[in-house]
Engineer: 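One structure, pasted below without further comment.
Below, all heavy atoms of this structure are taken into account, side chains as well, without hydrogens, waters or symmetry copies. Only a predicted model underlies this, so the values are computations on that prediction, with no experimental measurement involved.
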Amino acid sequence: MTMKTLQGAALIVASATPFAHAQFLAYPEGAEIPRSMTPAEEAFTRLNPIQASQPRGAAAPGGLVRTPGEYEPAEGIIMAWEGSTSWKAILAQMTREITTTGDAKAFIFVDSASELTSAMNDVAAQGADMSRVQFEIKRTDTIWARDYGPRYIFLGSQPDGTGGVRAMVDHTYNRPRPNDNSLPSYWASQRNEPYFLIPLVHGGGNYHLETGNPAGVGHATRLINNENPGLTEAEIIQLWQDYQNLTTTMYTPYPTFVDSTQHIDMWMIMLDDDKVMISEWVNEPSASWAITSDNAAADFAARGFQVYRVPAVRSGGTHYTFTNAVICNDLVLVPLYTNGTASQFNDDALAVWQAAYPDKTIVQINCQALVTSAGVMHCIVKHVPAPANGDAPGVYMTSQNNAPVIDPGDLVQTTWLFDSPEGVTTADLLLSTDGGTTFPTTVSTGFNASTGSYYWTAPDVGTSDARLRLVIRDADGNESFDDSDVSFTITGTSCVADLTGDGMLDFFDVSAFLNAYTAMDPLADFTGDGVYDFFDVSVFLNAYNAGCP
């Protein structure tokens, strides 16, 4: 075996034969692995091209999906305890602010129990609220959690964008870093949250989004086209639509000599549904990349957005950005630099952020040690949104959403997903026969909500406008509900006079019978003899007087 160390990443080459290819890469603890590929990684991927793990046509999330923005309420922030001592000092300072001013949790991934002890000591020394720090022992390769972490969505949102349960959309990381790439699936299993793998090679920092109700708009550079040569741009945009309910706007990426990542989060950040911050190249206003940013700013302004411009400069081959910040509830973490060219704009950037967010606390953190590796604070975090229903458990019914036809007496399975950090206790299942206007029938009550599945026997109600409502609650009595998305049919056996199928006998059924009788419609042939006479009227009236079961 031979080994070559290049920029912290060790390329391991099997030596069984003279023609052996690279087998895997090693990432030494404490190494400052850049956000961009190292030469070792570039060599590795030439022999082992990165391809999307999920085949095209795989199942996308069902129902109504909403993707939350980073400016929405956050439960917490995901980080990986990787890199040099100076990098970990930045992580520790961020954790302090996130768990205090940010009123959120810090989910910190460490490689081992010994590293957990070290990280805990460093974070505590910075003054973090340790009750809000959650360590996860799971090996990672690099610090750049933005690029490999999960993108959260809400499944089963209402048409107004509210409600739903949290789920994750993952992608194949655009770096040959297997421990990083496996973090989202591990996190989903730990939290028992639904997980979907979009068939794209991607880096999460090349995506920003504005939330809609429920559909939103995404923003990415055409780096994504190069990473997925088997897909057209239209197909890539459609995948984001299918998995995240976002219509994506594509931009020309910065040249690699300006920004080696070509990620949009290095020059843009969404601040609200109608507010954005975009870099302004104060020292190079005529450069092509400056024009890219200027054109984007003009496009947002034309859409009615408040557009804030913050300085960006280059120095010594490093892209110094002030848009690569972290929004966490009422906290914003903004980078500052000691480099002579960049530091003169620290105060200007702070003033722009304060103008954009006058009601938030803006905290500057020295990121000089990090920025030279092609990323800053936004690049090393991933947001976990707060539950959509606050203290109440979220619920999304995953069955009876495809207009099934059910016979009385059928054993029917209803399935659901739930989102409740405190767990759930009991559930009730209610039935409507008028399309969800009312739910007068209790199918079952007090059954176990944590199973995600329940079987019930279909009643004899005879309706084509049935809907189900699942009510779910936790131990504190907080409850919420979800209704099936479309009406379905329960055929009925004895309520033959309910010609409107609404589960009720009234004037409308009489009118329907008379119209059918006059038109000699088979609907009115209650005797089934093909003749429309007094006997059909008599059978109908007897059924009508008998009522529905």
Side-chain angles (χ1 to χ4, degrees), residues 61 63-79 94 97-99 101-107 132 145-146 149-169 184 187 191 193-194 204-205 207-220 240 243-248 264-265 268-277 300 303 305-306 308 323-334 353 356-363 377-378 381-394 396 419-421 480:
L64 202 53
V65 170
R66 188 179 76 87
T67 304
E70 295 169 23
Y71 44 80
E72 294 189 37
E75 177 192 353
I77 300 292
I78 292 172
M79 296 180 282
M94 293 172 64
E97 300 298 335
I98 289 165
T99 59
T101 307
D103 194 27
K105 298 176 184 176
F107 303 107
R132 288 178 165 171
R146 172 63 47 183
R151 174 78 64 185
Y152 268 89
I153 60 175
F154 286 105
L155 283 176
S157 292
Q158 300 302 311
D160 63 358
T162 61
V165 302
R166 290 174 295 184
M168 302 178 202
V169 174
W187 186 233
R191 288 172 61 94
E193 292 176 336
Y207 209 87
H208 267 308
L209 66 100
E210 54 197 83
T211 305
N213 287 324
V217 177
H219 304 274
W240 275 321
Y243 280 76
Q244 297 174 198
N245 201 15
L246 297 169
T247 301
T248 304
I264 203 164
D265 72 345
M268 176 195 294
I269 186 168
M270 304 305 305
L271 307 180
D272 210 328
D273 290 345
D274 59 356
K275 193 159 60 173
V276 65
M277 185 175 291
F300 274 104
R303 292 176 57 206
F305 273 67
Q306 298 179 65
Y308 295 86
T323 64
N324 198 275
V326 178
I327 303 166
C328 180
N329 298 324
D330 289 331
L331 167 72
V332 184
L333 298 175
V334 177
W353 274 102
Y357 276 140
D359 298 326
K360 294 185 185 291
T361 301
I362 315 299
V363 176
M377 286 186 289
H378 185 265
V381 305
K382 204 74 173 189
H383 289 68
V384 178
N389 293 318
D391 292 335
Y396 169 49
D419 183 0
S420 177
S480 58

Engineer: Looking at Lys382 and Glu70, is there a salt bridge between them, counting it only when a charged N and a carboxylate O are closer than 4.0 Å?
Structural biologist: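 Here Glu70 does not pair with Lys382 in a salt bridge, since their nearest N and O are not under 4.0 Å apart.
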Engineer: Quick one: sort the Phe300 and His219 rings into parallel, tilted or perpendicular, breaks at 30° and 60°.
Structural biologist: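 Tilted, since the angle between the ring planes falls between 30° and 60°.
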Engineer: Taking atom CG as the centre, does Asp391 end up with more than 12 heavy-atom neighbours from other residues, nucleotides or ligands that are less than 6.0 angstrom away?
Structural biologist: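 Counting neighbours around CG of Asp391, 12 or fewer heavy atoms of other residues, nucleotides or ligands fall under 6.0 Å, so no.
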Engineer: To the nearest 0.5 angstrom, please state how far the OG atom of Ser157 sits from the CG atom of Leu64.
Structural biologist: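 So the OG of Ser157 and the CG of Leu64 are separated by 6.0 Å.
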Engineer: What are the two closest non-hydrogen atoms of Pro184 and Gly149, and how far apart are they?
Structural biologist: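 The pair with the smallest heavy-atom distance is CG-C, 3.9 Å.
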Engineer: Check for a donor-acceptor pair, side chain of Arg146 on one end and backbone N or O of His378 on the other, with a separation under 3.5 Å.
Structural biologist: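 Between the backbone of His378 and the side chain of Arg146 there is a qualifying donor-acceptor contact (under 3.5 Å).
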Engineer: Measure the spacing between CH2 of Trp240 and CG of Leu246 and express it to the nearest 0.5 Å.
Structural biologist: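 Interatomic distance, Trp240 CH2 to Leu246 CG, rounded to 0.5 Å: 9.5 Å.
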Engineer: Less than 4.5 Å apart, side chain to side chain, heavy atoms only: is that true for Val384 and Lys105?
Structural biologist: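 Side chain of Val384 against side chain of Lys105, heavy atoms only: no contact under 4.5 Å found.
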Engineer: State, with a plain yes or no, whether a side-chain heavy atom of Thr211 is found less than 4.5 Å away from one of Tyr71.
Structural biologist: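 With C-beta onward as the side chain, the pair touches.
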Engineer: If every non-hydrogen atom of Gly76 is compared with every non-hydrogen atom of Ala104, which pair is closest and at what distance?
Structural biologist: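 In this case the closest contact between Gly76 and Ala104 is CA-CB, 4.1 Å.
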Engineer: Tell me yes or no: between the side chains of Thr248 and Tyr207, is some donor less than 3.5 Å from an acceptor?
Structural biologist: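 Per modelled atom types, Thr248 and Tyr207 side chains form a pair under 3.5 Å.
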Engineer: Looking just at side-chain N and O atoms, do Asp330 and Tyr357 make a donor-acceptor pair shorter than 3.5 Å?
Structural biologist: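 Asp330 vs Tyr357: no donor-acceptor pair found between side chains.
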Engineer: Given side chains that start at C-beta, do those of Glu210 and Arg303 come closer than 4.5 Å, heavy atoms only?
Structural biologist: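 Of all side-chain heavy-atom pairs linking Arg303 with Glu210, at least one is under 4.5 Å.
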Engineer: If you take all heavy atoms of Ala386 and Phe154, which pair is closest and at what distance?
Structural biologist: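 That closest heavy-atom pairing would be O-CZ, 3.4 Å.
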Engineer: Less than 4.5 Å apart, any side-chain heavy atom of Pro61 and any of Ile153?
Structural biologist: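 Yes, close enough: below the 4.5 Å cut-off.
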Engineer: With side chains defined as the heavy atoms from C-beta onward, is the minimum distance between Tyr308 and Lys275 less than 4.5 Å?
Structural biologist: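 Contact flag for Tyr308/Lys275 side chains = yes.
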Engineer: May I ask you to decide whether Arg132 forms a salt bridge with Glu75, counting only side-chain N to carboxylate O separations under 4.0 Å?
Structural biologist: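 A salt bridge is absent here (no side-chain N lies under 4.0 Å from a carboxylate O).
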Engineer: Please round to the nearest 0.5 Å and tell me the distance separating atom CD1 of Ile264 and atom CG of Leu209.
Structural biologist: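 These two atoms lie 11.0 Å from each other.
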Engineer: How far apart are the closest heavy atoms of Asn389 and Ser480, and which atoms are they?
Structural biologist: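 Minimum heavy-atom separation between Asn389 and Ser480: ND2-OG, 4.0 Å.
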Engineer: Does Gln244 reach the side chain of Arg151, with side-chain heavy atoms less than 4.5 Å apart?
Structural biologist: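 The answer is yes, as the side chains (C-beta and beyond) meet within the 4.5 Å cut-off.
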Engineer: Taking Gly163's backbone N and O only, do any of them form a donor-acceptor pair with Tyr396's side chain (distance below 3.5 Å, no angle check)?
Structural biologist: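 No; judged by distance alone, with no hydrogens or angles, the pair does not exist.
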Engineer: When you look at Met268 and Thr323, which way does the side-chain contact (heavy atoms from CB on, under 4.5 Å) test go after all the steps?
Structural biologist: CA-CA 6 Å; Met268 176 195 294; Thr323 64; 5.7 Å; no
Engineer: Would you compute the distance between atom CG of Leu333 and atom OG1 of Thr361 and round it to the nearest 0.5 angstrom?
Structural biologist: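 Nearest 0.5 Å value for the CG-OG1 distance: 10.5 Å.
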Engineer: Would you indicate whether the side-chain heavy atoms of Val276 and Leu271 approach each other to under 4.5 Å?
Structural biologist: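 Side-chain contact under 4.5 Å: no.
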Engineer: With a 4.5 Å limit on heavy-atom distance, are the side chains of Met168 and Pro194 in contact?
Structural biologist: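 The answer is no, as the side chains (C-beta and beyond) never meet within the 4.5 Å cut-off.
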Engineer: What's the shortest heavy-atom distance between Glu97 and Leu331, and which atoms?
Structural biologist: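 Shortest heavy-atom separation between Glu97 and Leu331 comes out as O-CD2, 3.4 Å.
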Engineer: I'd like to know whether Asp272 forms a side-chain contact (heavy atoms from CB on, under 4.5 Å) with Met270, so could you lay out the CA-CA distance, the side-chain angles of the two residues, the decisive distance to 0.1 Å, and finally the verdict.
Structural biologist: CA-CA 6 Å; Asp272 210 328; Met270 304 305 305; over 6 Å; no
Engineer: Would you please test Val326 and Met94 for side-chain contact (heavy atoms from CB on, under 4.5 Å) and show each step?
Structural biologist: CA-CA 9 Å; Val326 178; Met94 293 172 64; 4.2 Å; yes
Engineer: Ignoring hydrogens and angles, tell me if any N or O in the side chain of Asp265 forms a donor-acceptor pair with the backbone of Asn324 under 3.5 Å.
Structural biologist: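 Side chain of Asp265 to backbone of Asn324, a donor-acceptor pair under 3.5 Å: no, none is there.
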Engineer: Aromatic ring centroids of Phe107 and His383 under 6.0 Å?
Structural biologist: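 No; His383 has its ring centre 6.0 Å or more from that of Phe107.
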Engineer: Show, in sequence, the C-alpha distance, side-chain angles and deciding distance for Thr67 and Tyr152, and conclude whether the side-chain contact (heavy atoms from CB on, under 4.5 Å) test is met.
Structural biologist: CA-CA 7 Å; Thr67 304; Tyr152 268 89; over 6 Å; no
Engineer: Is the backbone of Arg166 close enough, under 3.5 Å, to the side chain of Asp419 for a donor and an acceptor to pair up by distance?
Structural biologist: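 Yes; at least one donor-acceptor contact below 3.5 Å.
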Engineer: If you compare all heavy atoms of Asn329 against all heavy atoms of Glu72, which two are closest, and at what distance to 0.1 Å?
Structural biologist: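 For Asn329 and Glu72, the tightest heavy-atom pair comes out as OD1-O, 4.3 Å.
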